[in-house]
Amino acid sequence: MNKLYPDAAAALEGVLFDGMTICAGGFGLCGIPERLIDAIRDAGTKDLTIASNNAGIDGEGLGKLLRTRQVKKMISSYVGENKEFERQYLAGELEVEFCPQGTLAERCRAGGAGIPGFYTKTGVGTLVAEGKPVMAFDGEDYILERGIRADLSIVKGWKADEAGNLIFRKTARNFNQPMATAGKICVAEVEEIVPVGSLDPDQVHLPGIYVNRLILGAPYDKKIEFVTTRDREAA
């Protein structure tokens, strides 16, 4: 089975549809599937529900899809540093489901493992628990959280072989691994693709069985959220 596609638009052909749910990997601007996000923007797919740790920043990452009004709902744990997100939310234009960070990761992992729900203490007694079933275990209350299953997962890896086995690099591993398993279809972009057999099996973070389509996204620009500098001292 050939999993390699020439670009992001080709890899998403026949996959996108209005009203779909997408799991997107990455943390801040680190490890985000930039090429795939751009392709979704260019395709104009709308009314999206996106599960992601955050929604990028203004004009970068998932912030691009917010700017074009393609997102109907965000399931996120952190939404700071995005003024457009804030504006749409406060104006009632964007539905938001806030979810504790660890719970969000586990909801996606559970969905990928075929687990429809699990109980956790995180959020008990807070707004997070409103409307959710409560169960007592050993005298302690726990709330039921549902696993997340998506129509599509988009993730970013560092290196992959042609069979789709992926290695993530450092913090870029955050959320990419559980998000990849939660989608009915997983499309990955990576910085380097090597022949099958080139990767040490013990170093593979995501087995290729989870990856349906694969593109080479390089080269990438390293973007950070804030540039902090100091004035150069006088000679």
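Residue numbers start at 1 and run along the sequence shown. All values derive from a computational prediction rather than experimental measurement.
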Query raised in the report: Thinking salt bridges, do Lys46 and Asp18 make one under a 4.0 Å N-O criterion?
Result: yes
Query - ILVMFWY cluster, Leu94 and Ile40 together (side-chain gap under 4.5 Å) - result: yes
Report task. May I ask you to check whether Asp161 and Ser198 show a side-chain donor-acceptor distance below 3.5 Å? Result -> no
Query raised in the report: So, do Glu106 and Thr120 sit near enough that their side-chain heavy atoms are less than 4.5 Å apart?
Result: no
Query raised in the report: Any donor-acceptor pair under 3.5 Å linking the side chain of His205 with the backbone of Phe168?
Result: yes
Report task. Look at the side chain of Glu145 and the backbone N and O of Thr103, then say whether any donor-acceptor pair between them is shorter than 3.5 Å. Result -> no
Report task. Answer yes or no: does atom CD of Glu97 have more than 12 heavy-atom neighbours from other residues, nucleotides or ligands under 6.0 Å? Result -> yes
Report task. Using atom types as modelled and distance alone, determine if a side-chain donor or acceptor of Asn174 lies under 3.5 Å from a backbone N or O of Gly26. Result -> no
Query raised in the report: Under the 3.5 angstrom rule, does the side chain of Lys72 hit a backbone N or O of Leu48 as a donor-acceptor pair?
Result: no
Query - Quiz item: cation-pi between Lys132 and Tyr142, 6.0 Å / 45° - result: no
Report task. May I ask you to say whether Glu84 pairs ionically with Lys64, meaning some side-chain N is under 4.0 Å from a carboxylate O? Result -> no
**Report entry** salt_bridge(Asp151, Lys184) N-O dist < 4.0 Å
**Finding:** yes
Query raised in the report: Taking C-beta and beyond as the side chain, do Ile75 and Lys73 meet within less than 4.5 Å on heavy atoms?
Result: yes
Requested in this report: Is it possible for you to say whether Ile154 and Leu214 belong to one hydrophobic cluster, with membership spreading through side-chain heavy-atom contacts below 4.5 Å?
Outcome: no
Query raised in the report: Can Gln177 and Tyr210 be counted as having a side-chain donor-acceptor contact under 3.5 angstrom?
Result: no
Query raised in the report: Can you find a heavy atom in the side chain of Leu152 that is under 4.5 Å from one in the side chain of Met20?
Result: yes
Query raised in the report: Does atom CD1 of Ile115 have more than 12 heavy-atom neighbours from other groups under 6.0 Å away?
Result: yes
Query - Trp158 backbone acceptor or donor facing Arg169 side chain under 3.5 Å - result: no
Query raised in the report: Does the side chain of Ile215 reach to within under 4.5 Å of the side chain of Asp7, using non-hydrogen atoms?
Result: no
Query raised in the report: Are Phe98 and Leu62 joined in one hydrophobic group, where the rule is that I, L, V, M, F, W and Y side chains link up if heavy atoms are under 4.5 Å apart?
Result: yes
**Report entry** Non-hydrogen side-chain atoms of Leu206 and Val211 separated by less than 4.5 Å
**Finding:** yes
Query raised in the report: Taking the side chain from Asn165 and the backbone from Ala160, do they hold a donor-acceptor pair closer than 3.5 Å?
Result: no
**Report entry** Within 6.0 Å of CZ in Arg69, more than 12 heavy atoms from elsewhere
**Finding:** yes
Report task. Starting from the C-alpha separation in whole Å, work towards a yes-or-no answer on side-chain contact (heavy atoms from CB on, under 4.5 Å) for Ile193 and Leu4. Result -> CA-CA 9 Å; Ile193 299 176; Leu4 301 180; 3.9 Å; yes
Query raised in the report: Does the pair Cys186 and Val155 meet the rule for a side-chain contact (heavy atoms from CB on, under 4.5 Å), with working shown?
Result: CA-CA 8 Å; Cys186 175; Val155 299; 4.0 Å; yes
Report task. Give the intermediate values and the outcome of side-chain contact (heavy atoms from CB on, under 4.5 Å) for residues Glu93 and Arg87. Result -> CA-CA 8 Å; Glu93 300 170 4; Arg87 190 201 65 75; 3.0 Å; yes
Query raised in the report: Side chains of Tyr5 and Glu189: does their closest heavy-atom pair fall under 4.5 Å?
Result: no
Query - Polar side-chain atom of Arg149 near backbone of Ala182 as donor-acceptor pair, under 3.5 Å - result: yes
Requested in this report: First locate atom CZ of Phe27, then atom CG of Asn53, and finally report the distance between them rounded to the nearest 0.5 Å.
Outcome: 5.0 Å
Query raised in the report: If Ile, Leu, Val, Met, Phe, Trp and Tyr residues are connected whenever their side-chain heavy atoms lie under 4.5 Å apart, and connections chain through other members, are Ile148 and Met74 in the same group?
Result: no
Query raised in the report: Just wondering, do Phe118 and Arg109 contact through their side chains at under 4.5 Å, heavy atoms?
Result: no
Query raised in the report: Between the main-chain N or O of Arg107 and the side-chain N or O of Arg146, is there a donor-acceptor pair closer than 3.5 Å?
Result: no
Report task. Please lay out, stage by stage, how Ser76 and Asn54 fare under the test side-chain hydrogen bond (donor to acceptor under 3.5 Å, both in side chains). Result -> CA-CA 5 Å; Ser76 297; Asn54 59 285; over 6 Å; no
Query raised in the report: If only atom types and distance count, is the side chain of Asn176 paired as donor or acceptor with the main-chain N or O of Gly31 below 3.5 Å?
Result: yes
Query raised in the report: Hey, quick one: are Val128 and Val79 part of the same hydrophobic cluster, counting side-chain heavy atoms closer than 4.5 Å, chains of contacts allowed?
Result: no
Query - Side-chain heavy-atom pair Lys83, Phe85 within 4.5 angstrom cut-off - result: no
Requested in this report: Assess whether side-chain contact (heavy atoms from CB on, under 4.5 Å) is satisfied between Glu191 and Lys159, documenting all intermediate values.
Outcome: CA-CA 6 Å; Glu191 299 181 31; Lys159 186 182 292 188; over 6 Å; no
**Report entry** Arg35 charged N/C atom sitting above Tyr220 aromatic ring, 6.0 Å / 45°
**Finding:** yes
Query raised in the report: So, does Gln70 use its side chain to make a donor-acceptor pair with the main chain of Thr45 at under 3.5 Å?
Result: yes
Query - Salt-bridge criterion met for Lys121 and Glu140 (N-O under 4.0 Å) - result: yes
